[in-house]
Amino acid sequence: MLALEAYEAGLCQRCGEPLEVSTALENDFNNIFGTGVYLPVPNHPAQCHCCAALQRSERDTAALNPQFPAAMIHAVRLMPRR
């Protein structure tokens with residue numbers, strides 16, 4: 001478990017890239033002498049329709065004003081269109 005915690009501590013909390021690489025000066029977009037650069041992937045962002053359905057469920061449940069909205073467990077499934 002300690003190895004997993006150490007590994008996760010070395011990752012960016014937003015993108016999941018290793019901090020050792022993603023914060024390195026040689027990968028800075030503004031460093032003209034850098035050896036790498038992070039660029040957006042073509043045709044992205046793409047919407048995950050499953051995540052969108054989960055967010056709709058979260059939004060609709062929040063409107064009902066449950067006492068602990070973060071404790072609500074949401075589930076969706078792919079259904080054939082009628």
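Residue numbers start at 1 and run along the sequence shown. From a predicted model like this one, the values you see are computed outputs, not experimental measurements.
- Through direct or indirect side-chain contacts shorter than 4.5 Å among Ile, Leu, Val, Met, Phe, Trp and Tyr, Val21 is connected to Tyr38.
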Show me the side-chain donor-acceptor pairs of residues 7-19 shorter than 3.5 Å, one per line, residues at least two apart or across chains.
none

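- Using a 4.5 Å cut-off between side-chain heavy atoms of Ile, Leu, Val, Met, Phe, Trp and Tyr, Val37 falls into a hydrophobic cluster with Phe29, Leu39.
- For Cys48, the side-chain contact (heavy atoms from CB on, under 4.5 Å) partners at least two apart in sequence or on another chain are Cys50, Cys51.
- Grouped with Phe33 in one hydrophobic cluster are Ile32, the linkage being side-chain heavy-atom contacts under 4.5 Å among Ile, Leu, Val, Met, Phe, Trp and Tyr residues.
- For the side-chain contact (heavy atoms from CB on, under 4.5 Å) test, residues two or more places apart in sequence or in another chain that qualify with Glu26 are Ala24, Thr35.
- Applying the side-chain hydrogen bond (donor to acceptor under 3.5 Å, both in side chains) test to pairs two or more places apart or on separate chains, those with a residue in residues 40-53 are Gln47-His49.
- Residue pairs that meet the side-chain hydrogen bond (donor to acceptor under 3.5 Å, both in side chains) test with at least one member in residues 66-82, sequence neighbours left out, are Ser57-His74.
- For Leu64, the CG atom counts as densely surrounded, since its 6.0 Å shell holds more than 12 non-hydrogen atoms of other residues, nucleotides or ligands.
- Through direct or indirect side-chain contacts shorter than 4.5 Å among Ile, Leu, Val, Met, Phe, Trp and Tyr, Ile73 is connected to no other residue.
- When the side-chain contact (heavy atoms from CB on, under 4.5 Å) test is applied to Ala62, no partner is found at least two apart in sequence or on another chain.
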